[in-house]
Amino acid sequence: MTSTFTTPPAPAGAALSPYGLTCEQLETPLGLDEREPRLSWKLRSDLRGDAQSAYRITVALGEADLRGGDRLVWDSGRRPSADTLLVPYDGPPLQSATRYHWRVTVWDARGEQTGYADSWFETGLLHDEEWRASWIARDPEAAPVQDPPRDEDRSERTRHLLPCSHLRRPFTLDGVPPVRARAYVSARGLYELRINGHRVGDAELAPGWTEYHRRVPYQTYDVGDLLREGDNVVAAVLADGWWCGYVGFDSRRAALHYGDAPQFLVQLLLDYADGSRRWVVSDGSWREHPGPISYADLLMGEYVDARAELPGWDAPGYNDSSWAPVLVTGTDTGVLEAAADRPVRVLAELPATSVERRGEDRFVVDLGQNMVGRVRLTVRGARRGQRIRLRHAEMLTDGELYVANLRTAEATDTYVAAGRPVEVFEPRFTFHGFRYVEVTGYPGELDPADLTGRVLHNDTPWTGEFACSDATVNRLHANIGWGQRGNFVAVPTDCPQRDERLGWLADAQVFLPTACRNADVAAFFARWMRDVVDAQHPGGAFGDVVPEVCLTREGAPAWGDGGVIIPWHLYRTYGDRRVLERSLPAMKRWVDHVHRHNPGLVWRAHVGNHYGDWLQVNAETPRDLLATAYFARSAELVAAAARVLGADRDAERYGALHAAVREAFVEAFVDVGKGRVAGDTQTGYLLALAFGLLPTEAVPAAVGHLAADIEARGHHLTTGFVGVSLLCPVLADHGRSDLAYALLHQDTYPSWGYSIRHGATTIWERWDGWTEEHGFQSPAMNSFNHYSLGSVGEWLYGGVAGIAQHPDSVAYGDLLLRPTIGGLLTWAHARQETSRGEVTCGWRLEDGELHLEATVPPGIHATLVVPTADPGAVRADGVPVADRDGVEVVGRTDRSLTVRLVSGRHRLTAAPPGDASPPGLRPGPG
Ligand code: RAM
């Protein structure tokens, strides 16, 4: 799989220079509607200990004006500051629909101006009155659809689905071409915009899914290259999507959630050199016609009848006299908001790894990887009207597709051939979670090269790499990455295949730390947090899922708490204060809601669907314990957020609440003398230890009970979604990395390794999704692509390789590197492109020595804990640490040496720590 990790190569001997410029955590965003967009840059330098001592930002209307001149809009002046992250634009109010170029210039540690870099951002439509477009839709009276629409073989669930509307509007451009042309476009449904026969942009499933009742995003495209003098056409295909298609496990259509038919909106804005403007907008002048897509539904699939294609429909010269006028559904555009994250795109392709014939015209294709997206199929020599059907599944049973776990999602695409010698079919308004594809009705032999898996997900740049000496651990890391890709489709979902695909808050909060390691998810999650806040109930409860569909109860413990934990983690990882500012009132309301209904501070009332430690095995963590632990945690984080934002009274109030809930927790659930936590489960101990709920004197015994439970079970876990993310970090933090590794390397049930030994290429929803003993778990709930149990990914980066930050550090501003030598590993290495620049940490046992390496970005220091049996013998870059510039010894025990590192690359060697190999393990594959 291609991971798109890129660290721009630093020129050798290079001085301090900025790179990776972003505005609102996006590279060159088009159509931004933040009034004070925040600018960030990363730094690199080949000089050890280098740092930014000052910066200057200039913003101008033209690229050439960045050096000064009339069109310079804002000049920060030279600011003596190390800031590089999210510096707010502070010039005069930004104009609507305008491109701003910006430059950051930096001064290095010696005070010399050493480098600059340029970028740009562009504002969207900042004022409501600029929206001239109307929402338009098929007019059911002008264009009645026959029922059933065509002579088609349809299932009960798809019988009523309507064809995708094709919409078009010709217009003429005379004289000089515009200097700038933009399309602002959205749908209540899904759209594909087309101009003069070309597709516009590469966004898939646009405009995405938000809490539509409150906001619908619009995308902005530069369409200048597609326009021409004379006749032009702007056109679109419109599908149901989340707006009115099947969503979730609700057997009703989502029509009941949002609307009953899709609508479209576009506004072309053409700017001319003389300052004049022209608009071409969606309105009553557009015409509509059904085309070849008989229906498209996210869960059911897409049906394309190529015989009904409309050649040339999206280009000038097409005769649309038989098309129907559209219905103008309203001009109310109050909820339109510029898309604040990168769209879903096709980001990888997978070739078929095998094709097996199963009958006269039926084949089963394996893509070798459980993926999310759809198939592109080339069809050769089909007769006109020949129907080819694609069914999708994650697993096989007796060599045939296992589809029972998809529940009501049909995940079936149909192509009716036009009869051309070569035809290419790829559905556009649906997606499936699958590894296997059954192709029925295919003419002749199916060549593996004619079927490709097209991988779709939100474009979140890949920023992490992890590798180690153990192939199974590497496969685990890869499976976690695939779970992340497959479930970041419009919102962070639980699963991509069955009739669910919802934004479950607990799944998201437990996985977020891992997600942030793998990829830059700052904009994706900040945008989704707005939906979380939008969906908050009037009484203060967050829901279980956002956007809120199918479930309307108050969020359960650990689920609703996602509304508090997520913004806090985004702040810690990316330094995004604004997401905290915008979320804090809602975070407070959530904690108040829990408090109001649980004045005794043990959370037993208003627990919603109370899922407990969901999908735990062989254990039953008391639900009130889990709930109360989360109550304490949320109160603590609200206090921390308030402190960051300078809301001191809130900080005090929630700090006091946190202390009180902690006390109530101990009172209700802890035998302090024995260090026992009620229920005696792994998750109970993990929550108590991770959230700091135990009196200090109870900690050693509690760790002992946790360890004893793992040992008594032959080094097996019992944790569900909630406990699992804490397992390895808590063990390692309390001196039991041997057990953390024992669990990591375990390959008998239940363990991560068990699924991998049985061929998993993604993380399964359940430890027992499939077992040798019982086969498949109940099809009522058994996804093979769920990221929650993959939350151990964070520990691979943060524990095994050792990249972490100090408790008070923000955005990796003060690194804490703590590699964990142990398990069956002989080496491990991680690399992260953080928002301040490249960080690496890795270790290798070789020739009886421990070799460590680390990279620290300019302006940052790192504390590196070197685990070693001989702290006096640690060397840096070949010399004793004490003699090496930029390395300072700050701590020492008899088993470790702690050094403080300046920025730059560091290599250290040490005597290996004593035997750290985990108990009860057989060596794994190399
Ligand atoms: C199922 C899924 C989901 C989980 C909920 C409680 O629908 O496993 O991931 O959050 O249950």
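Counting convention: from 1, in listed order, for ligands and their atoms alike.
Between Arg215 and Asp534 there is a salt bridge, since a side-chain N of the basic residue sits under 4.0 Å from a carboxylate O of the acidic one. Checked for salt-bridge contact, Arg454 and Glu204 miss the test: no charged N lies under 4.0 Å from a carboxylate O.
Arg596 meets the salt bridge (Lys or Arg N to Asp or Glu O under 4.0 Å) test with no other residue; sequence neighbours excluded. With sequence neighbours excluded, the residues forming a salt bridge (Lys or Arg N to Asp or Glu O under 4.0 Å) with Arg633 are Glu636, listed by chain and number.
For the pair Arg485 and Trp482, the cation-pi criterion (under 6.0 Å, within 45° of the ring axis) is fulfilled.
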Return all side-chain donor-acceptor pairs below 3.5 angstrom for residues 564-571, not counting sequence neighbours, or 'none' if the list is empty.
residue, atom, partner, partner atom, Å
His569, NE2, Thr573, OG1, 3.1

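When heavy-atom distances to ligand 1 are checked against 4.0 Å, the residues falling inside are Asp494, Arg498, Glu500, Trp504, Asp507, Trp559, Tyr611, Trp614, Phe721, Glu765, Met781, His786, ordered by chain and number.
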